[in-house]
Asker: 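Can you keep this structure in mind? I'll have questions shortly.
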Amino acid sequence: MSRFQDKVVVITGAGGGIGRAAARRFAAEGARLVLVDVSADALEETRRAVAEIGAPVLAVEADVSRSDDVRRYAGAAADRFGGIDGFFNNAGILGAISPLTEYPEETFDRVMAVNVKSVWLGLKIVGPAIMARGGGAIVNTASIAGLRGTPNLVAYTASKHAVIGLTRTASLEFVRRGVRVNSVCPAPVETAMARELEAGFGGRGPERAQARFAATIPMRRYGTPDEVAAVVAFLCSDEASFVNGAAYTVDGGSMA
């Protein structure tokens with residue numbers, strides 16, 4: 001398929017499992033990519049993976065919670081490729097696993113900065129760039145944690161509820177300018193974040209936590225990064241031309 005031939009797609013959190021899978025997927029379908037991550041090593045690994053596919057690629061190390069850095073990666077995309085057509089607003093962190101009343105304030109602030117402020121900044125700065133291009137699509141990464149409560153995961157849960165709220169608001173404001181905005185809501189996915197989750201809930205027995213989490217999913221397994229990337233690619237494609245303001249679950253039936 002070449003649904004994104006010569007389209008310019010920006011991906012934040014590109015060094016993580018879902019970001020890297022999305023980068024490979026867009027590259028395989030003809031996109032030119034701008035990859036953004038705070039981790040230089042992880043970013044370089046994704047850049048190499050995309051380059052091996054043969055896609056034009058630019059890697060930008062940036063802290064997505066800082067407006068100057070967001071302007072810098074958006075500007076770099078415009079300078080290198082002439083504009084932006086699609087945006088996977090994906091960067092996020094898990095934070096602490098702790099009861100609400102014991103949750104560290106500084107960790108709460110950092111989770112909200114990376115998971116919420118960065119999404120808002122991306123919409124605020126990249127959104128107009130896509131409008132200037134004549135329209136396109138944005139996908140924000142939320143979570144099934146944004147659709148229900150999760151004990152001992154207060155900041156992450158609150159942040160992902162906020163991402164869905166930002167998605168819905170932006171979808172109403174941007175659609176008249178030709179930009180669709182949607183979100184994906186994965187259940188646990190086979191990534192480094194899942195290992196953090198298991199360690200936090202499982203203590204010395206994270207494998208037992210993994211089994212418990214998998215048992216809550218009707219398909220009895222975690223998702224894969226490629227399965228999430230496939231939904232992201234669909235939402236960014238013209239095949240989803242009438243999809244706007246949606247929160248797409250990629251969860252093996254967890255929210256059914």
Asker: When you look at V34 and V9, which way does the side chain to side chain contact (heavy atoms under 4.5 Å, CB included) test go after all the steps?
Answerer: CA-CA 6 Å; V34 179; V9 178; over 6 Å; no
Asker: Let's go through K117 and M112 carefully: what are the C-alpha distance in whole Å and the side-chain angles of both, what is the deciding distance for side chain to side chain contact (heavy atoms under 4.5 Å, CB included) to 0.1 Å, and is it a yes or a no?
Answerer: CA-CA 6 Å; K117 184 182 178 183; M112 298 305 282; over 6 Å; no
Asker: When you measure from the side chain of S254 to the backbone of D251, do you find a donor-acceptor pair of N or O atoms at a distance under 3.5 Å?
Answerer: yes
Asker: Using a 4.5 Å cut-off on heavy atoms from C-beta on, say whether the side chain of V189 contacts that of P186.
Answerer: yes
Asker: Would you check if the side chain of S98 reaches a backbone N or O of N152 as a donor-acceptor pair within less than 3.5 Å?
Answerer: no
Asker: Please name the pair of heavy atoms, one in I217 and one in P188, separated by the smallest distance, quoted to 0.1 Å.
Answerer: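 Looking at all heavy atoms of both residues, the closest pair is CD1-CD, 4.2 Å.
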Asker: Test your reading of the model: is there a side-chain donor-acceptor pair from N244 to the backbone of V181, 3.5 Å cut-off?
Answerer: yes
Asker: Rounded to the nearest 0.5 Å, what's the gap from CZ on R3 to CG on D238? Could you check?
Answerer: 9.5 Å
Asker: Looking just at side-chain N and O atoms, do S65 and D63 make a donor-acceptor pair shorter than 3.5 Å?
Answerer: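 Side chains of S65 and D63: pair found under 3.5 Å.
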Asker: State which residue, out of R195, R221, E227, fulfils the side-chain contact (heavy atoms from CB on, under 4.5 Å) condition with E190.
Answerer: R195
Asker: Who pairs with D85 by side chain to side chain donor-acceptor pair (under 3.5 Å), at least two apart in sequence or on another chain?
Answerer: R133
Asker: Taking everything shown except R177 itself, do over 12 heavy atoms lie less than 6.0 Å from its CZ?
Answerer: no
Asker: Are F87 and L58 connected in the hydrophobic side-chain network, where two residues link if heavy atoms are under 4.5 Å apart?
Answerer: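 Yes, one cluster joins them.
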Asker: Could you tell me the separation between the CG atom of D37 and the CG atom of N90, rounded to the nearest 0.5 Å?
Answerer: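 Nearest 0.5 Å value for the CG-CG distance: 9.0 Å.
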Asker: Kindly give the heavy-atom pair with the smallest separation between I97 and L153, and that separation in Å.
Answerer: CG1-CD1, 3.7 Å
Asker: Given 3.5 Å as the limit, does a donor-acceptor pair link the side chain of H161 with the main chain of A145, or not?
Answerer: yes
Asker: Could you tell me whether a side-chain N or O of T216 sits under 3.5 Å from a main-chain N or O of F213, the two making a donor and an acceptor?
Answerer: yes
Asker: With a 4.0 Å cut-off on N to O distance, would you call R48 and E44 a salt bridge?
Answerer: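 Salt bridge flag = yes for E44 with R48.
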Asker: Checking the side chain of R72 only, and the main-chain atoms of E61 only, is there a donor and an acceptor separated by less than 3.5 Å?
Answerer: yes
Asker: Taking N182 for its side chain and A246 for its backbone only, find out whether a donor-acceptor pair lies under 3.5 Å.
Answerer: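 Yes, because the side chain of N182 sits within donor-acceptor range (under 3.5 Å) of the backbone of A246.
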Asker: In terms of heavy-atom contacts, does CD of Q5 have more than 12 from other residues, nucleotides or ligands at under 6.0 Å?
Answerer: yes
Asker: As an exercise, state the distance from CD of E45 to OG of S39, rounded to the nearest 0.5 Å.
Answerer: 9.0 Å
Asker: With the 4.5 Å side-chain cut-off for hydrophobic clustering, are I93 and L100 part of the same group?
Answerer: yes
Asker: With sequence neighbours excluded, tell me which residues meet ring pair (Phe, Tyr, Trp, His ring centres under 6.0 Å) with F108.
Answerer: none
Asker: Is there a path of hydrophobic side-chain contacts, each under 4.5 Å between heavy atoms, that joins L94 and Y222?
Answerer: yes
Asker: Measure across A21 and D226 and return the closest heavy-atom pair with its distance rounded to 0.1 Å.
Answerer: CB-OD1, 3.4 Å
Asker: So if you build clusters from Ile, Leu, Val, Met, Phe, Trp, Tyr with side-chain heavy-atom gaps below 4.5 Å, do I138 and Y73 land together?
Answerer: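 They do share one cluster, since a chain of ILVMFWY contacts under 4.5 Å joins I138 to Y73.
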Asker: Indicate yes or no: at least one non-hydrogen side-chain atom of Y156 is less than 4.5 angstrom from one of M193.
Answerer: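 Side-chain contact under 4.5 Å: yes.
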Asker: Could you walk me through whether I18 and F88 pass the side chain to side chain contact (heavy atoms under 4.5 Å, CB included) check?
Answerer: CA-CA 10 Å; I18 292 173; F88 184 26; 3.9 Å; yes
Asker: Using the rule given for side chain to side chain contact (heavy atoms under 4.5 Å, CB included), can you reason through R71 versus D68, listing the C-alpha separation, both sets of side-chain angles and the distance that settles it, and then say yes or no?
Answerer: CA-CA 5 Å; R71 291 189 184 93; D68 287 348; 3.7 Å; yes
Asker: So, does K160 use its side chain to make a donor-acceptor pair with the main chain of T141 at under 3.5 Å?
Answerer: yes
Asker: Roughly how far apart are R176 CZ and M131 CE, rounded to 0.5 Å?
Answerer: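 Those atoms lie 13.0 Å apart.
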Asker: Check R25 with E29, please: is the shortest side-chain N to carboxylate O separation under 4.0 Å?
Answerer: yes
Asker: My understanding is that only one of V126, V64, V60, V119 makes a side-chain contact (heavy atoms from CB on, under 4.5 Å) with T12; could you say which?
Answerer: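 Exactly one pass, corresponding to V64.
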Asker: Do you know the tightest heavy-atom contact between C236 and A137?
Answerer: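 C236 and A137 have their closest heavy atoms at CA-CB, 3.7 Å.
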Asker: Quick one: sort the Y248 and F234 rings into parallel, tilted or perpendicular, breaks at 30° and 60°.
Answerer: tilted
Asker: Of all the heavy-atom pairs spanning S143 and I164, show the shortest one and how long it is.
Answerer: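 Scanning both residues, the minimum pair turns out to be O-CD1, 4.5 Å.
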Asker: Indicate the atoms forming the closest heavy-atom contact of A142 with C185, along with that distance.
Answerer: CB-SG, 3.9 Å
Asker: Verify side chain to side chain donor-acceptor pair (under 3.5 Å) between N140 and T167, making sure each step is shown before the conclusion.
Answerer: CA-CA 7 Å; N140 300 320; T167 299; 2.9 Å; yes
Asker: I'd like to know if the side chain of R32 reaches the main chain of P56, judged simply by a donor and an acceptor atom lying under 3.5 Å from each other, with no hydrogens or angles considered.
Answerer: no
Asker: Within the structure provided, determine whether V36 and I11 are in side-chain contact (heavy-atom separation under 4.5 Å).
Answerer: no
Asker: Assigning hydrophobic clusters by single linkage (Ile, Leu, Val, Met, Phe, Trp, Tyr; side-chain heavy-atom cutoff under 4.5 Å), is L235 placed with L147?
Answerer: no
Asker: Please determine whether a side-chain nitrogen of the Lys or Arg among R212 and E207 lies less than 4.0 Å from a carboxylate oxygen of the Asp or Glu.
Answerer: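 No salt bridge links R212 with E207.
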Asker: Is it true that, when you exclude R66 itself, more than 12 heavy atoms of the residues, nucleotides or ligands shown sit nearer than 6.0 Å to its CZ?
Answerer: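 Open: at most 12 neighbouring heavy atoms sit under 6.0 Å from CZ of R66.
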Asker: So do S118 and V70 actually touch side chain to side chain, heavy atoms under 4.5 Å?
Answerer: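 Side chain of V70 against side chain of S118, heavy atoms only: no contact under 4.5 Å found.
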Asker: Is there a donor-acceptor pair closer than 3.5 Å between any side-chain N or O of R180 and the backbone N or O of V243?
Answerer: yes
